[in-house]
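The structure appears right after this line, and notes come after that.
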Number of protein chains: 2
Amino acid sequence: MTGIVDVAARAGVSVATVSRALRGLPGVSATTRQLVQDIAAELGYVASPSAAGLPTGRTGAVAVVSPVARGWYFTAVLEGAQEVLAQHGYDVLRYDLSEVETNRRKVFDTQLLRKRADGLLIMSLPLDTDEVAALHAMHRPVMVVGPIVPGISSVRVDDVEVGRQATRHLVELGHRVIAFAGGDPDDHLGFPVSPERRLGYLEVLRSAGVEPDPRLSVPAKFTVEAGIAAYAELAARDVMPTAVFAVSDEVAMGIIYAARQDGVRVPEDLSVIGVDDHDLSWLFGLSTVAQDVREEGRLAAAALVDRLRSGVDTEPSVITVATKLIARTSTAAVRT
Amino acid sequence: MTGIVDVAARAGVSVATVSRALRGLPGVSATTRQLVQDIAAELGYVASPSAAGLPTGRTGAVAVVSPVARGWYFTAVLEGAQEVLAQHGYDVLRYDLSEVETNRRKVFDTQLLRKRADGLLIMSLPLDTDEVAALHAMHRPVMVVGPIVPGISSVRVDDVEVGRQATRHLVELGHRVIAFAGGDPDDHLGFPVSPERRLGYLEVLRSAGVEPDPRLSVPAKFTVEAGIAAYAELAARDVMPTAVFAVSDEVAMGIIYAARQDGVRVPEDLSVIGVDDHDLSWLFGLSTVAQDVREEGRLAAAALVDRLRSGVDTEPSVITVATKLIARTSTAAVRT
DNA sequence: CTGAAAGCGCTTACAG
DNA sequence: CTGAAAGCGCTTACAG
């Protein structure tokens, strides 16, 4: 394998000069630099990250952590992040927390990740106090996309506003009996997305003069199956809504599916709106509050790269990305 | 940051002993090993991969390469692969080739990846001769999932059989005028998936006594949009099929969408079958030839780990994963 | 079973 | 502008 000494020998200079020339460091004559670059290219030489990382402490890699391996949202964030990380020459190390406890410990093992990656991009993960402390102890730049975590920079959407946008759309269509599907009763870590979206929902309802009916709130995690279950739950209660605001598009898809199975027409009998603008949402004609998740990934990665470059650990910042209502055919004016 | 010398000092042994004890190497007394392990745990010590990698040449990471950053198929393979890679302690380095030429060169830059990763998992990528040569020159274990590449081990499904299974299902439902949507006219690299699925289609058609009509074959890449375009193309021709075999579920979704927009009922007027069993296929009632993509990822990763462990570069092997017809509601008996 | 020491391939003060 | 040399934190023959 070609090493720096091969390049140095061939170029008739020292390895120090090769190192400087190739990394664009000052103090190398233009001629020498050109020569070294040419020879490196000819030999196909690339510095070994392991070897370069030893003296510098830098790995040239960024770890991207998500709670589960898949899901539309996480892959979209990853795609955006990877795009800008690659542009800046960073490799992407991917971790997920699906084999829960083991991985979680592994990821928050200060030492491990610190030795593997220069920075950390964490997706939408409820973090407990210890974990936040571990993250700080890592002394590496960290960005989270999703929730606001005290002391850590993040890219997020305004979830209360998301709830307002969705509910306002339904209210403007004349709906007054509006259900909310979202929030996980098992979630003891206080993942705030669902509660905040619900807050916006409650707020708009009240300002429309509607007193929220607790029977119209049903729990649902962020899956299609949860949407199906939420519809069943709703149908079993003694008040039927004319519209439902689902916490995500996947939940909305489940609700639409279950409603149709149940002989309920969407949107004639029931309007359904989701959140995200999932890749396939348009296929369902799903109205939604769209967020540009790839862009969130890009912004987070860009901010991370900035901090990696500058070396200064700036004040935690919060970037809020705008969301936008997209009305399609799953919502319609209430029938009178 | 805690290093091996800290552990050694605290345990009152040499760094060599710490190294051996922690890696489970023989030649360490049980007492010493226990002591060292305890102290390492207490200090939260983890060996630096960079430092460990220098003398050994091993990085502890596997690179997973896909042609594009997303898509249901690729994320499913990644999920499966990551699962077993993580179990065996390998980190996952993720690359995609979306910023085409640059990245492609980067990935197939023998030296770079060789210095970054111990092994390579390549997804469904048409590889040209030079690239295959580069892969071999890397002298690292390589697995591909998807196509068969000469001289490289792979995990794949039998795409001709996939074509047979789908077409046989339609033939058994009485269909005789069956279209095929798939194959990319721009694909000059000869990516064989579509052609092979088409081969199975032609074969079953002929053995049912039907002479394939070239007007019933329309091109389509692996996207929903391509499915919509394929339907339009089909509808514009002067022979209308009673069924269509789409090269993937996403293409099938597009066809169903476009057909319904066009006032054509599925399955009453048109039966549609896809391939994959995409996560959301059941929502569309889509009949499909299912492949267990996560399992393909797992198998590929397991084979890779085997070769990484054994060190011997075994003969290229090909693992074929079975596919299975799932009949749902997008296909029905032909109307008489 | 254990340790001293060389070496992996780079980077970075320090001299010149 | 350039080079000699120390050092990054490990692993691995080699001795004992």
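Note on naming: letters A, B, ... go to the chains in the order of the sequence lines (proteins, then strands), and numbering restarts at 1 for each one. Note that these values count all heavy atoms, side chains included, but never hydrogens, waters or copies made by symmetry.
Salt-bridge check for B:E79 with B:R298: failed, with every basic side-chain N at 4.0 Å or more from each acidic carboxylate O. Under 4.0 Å is where a charged nitrogen must lie from a carboxylate oxygen, and between B:E296 and B:R156 no such pair does.
Rounded to whole angstrom, the span from the CG atom of A:L25 across to the P atom of D:dT2 amounts to 13 Å. Atom CZ of B:R33 and atom C1' of C:dT2 are 13 Å apart (whole Å). We find that CG of B:L22 is positioned 16 Å from C1' of C:dT2, with the value rounded to whole Å. One interatomic measurement links the two molecules: CG of B:L54 to P of D:dG7, which rounds to 17 Å at whole-angstrom precision.
Checking D:dT12, D:dG9, C:dA4 against the side-chain heavy atoms of B:S19 singles out D:dT12 as nearest. Considering only side-chain atoms of B:R58, the nucleotide from C:dT2, C:dC10, D:dT12 that sits closest is D:dT12. In the set C:dC1, C:dA13, C:dC8, C:dA13 carries the atom at the smallest distance from any side-chain atom of A:R20. Checked against D:dA4, C:dG3, D:dT11, the side chain of B:A16 finds its nearest nucleotide in C:dG3. Comparing atom distances between the B:V13 side chain and each of C:dT12, D:dC10, C:dG3 picks out C:dG3 as nearest. Of the candidates D:dT11, C:dT12, C:dG9, D:dT11 carries the atom nearest the B:I4 side chain, counting heavy atoms from C-beta on. Residue A:S48 places its side chain closer to C:dC10 than to any other of C:dC10, D:dG3, C:dT11. Of the listed nucleotides (D:dT11, D:dG9, C:dG9), D:dT11 has the atom at the smallest distance from the side chain of B:V15. Across C:dC10, D:dT11, C:dA4, the shortest atom-to-atom separation from the side chain of B:R23 is found for D:dT11. For B:T17, whose side chain is taken as the heavy atoms from C-beta onward, the closest listed nucleotide among D:dT11, D:dG3, C:dT2 is C:dT2.
A 4.5 Å side-chain heavy-atom check between B:S153 and B:R307 finds at least one atom pair inside the cut-off.
Between B:K115 and C:dG9 there is no side-chain polar atom (N or O) within less than 4.0 angstrom of OP1 or OP2. Applying the 4.0 Å criterion to OP1 and OP2 of C:dG3, one finds that B:S14 has a side-chain N or O inside that range.
A donor and an acceptor atom, one from each side chain of B:T59 and B:R116, are nowhere located under 3.5 Å apart. For B:R23 and B:S19, the side-chain atoms include at least one donor-acceptor pair closer than 3.5 Å. Side-chain atoms of A:D96 and A:S66 include no donor-acceptor pair closer than 3.5 Å.
Going from atom CD1 of B:I4 over to atom OG1 of B:T17 covers 9.5 Å, rounded to the nearest 0.5 Å.
Taking a pair as Watson-Crick or G-U wobble with both distances under 3.5 Å, the runs of three or more consecutive pairs in DNA chain C are C:1-3 with D:14-16, C:5-12 with D:5-12, C:14-16 with D:1-3.
At the heavy-atom level, A:S50 lies nowhere under 4.0 Å from the strands shown.
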- With side-chain contact (heavy atoms from CB on, under 4.5 Å) as the test, would you mind laying out the steps for A:V65 and A:M123 before giving the verdict? CA-CA 6 Å; A:V65 183; A:M123 289 184 218; over 6 Å; no
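Residue whose closest nucleotide on DNA chain C sits further toward the 5' end, between A:G53 and B:V28: B:V28.
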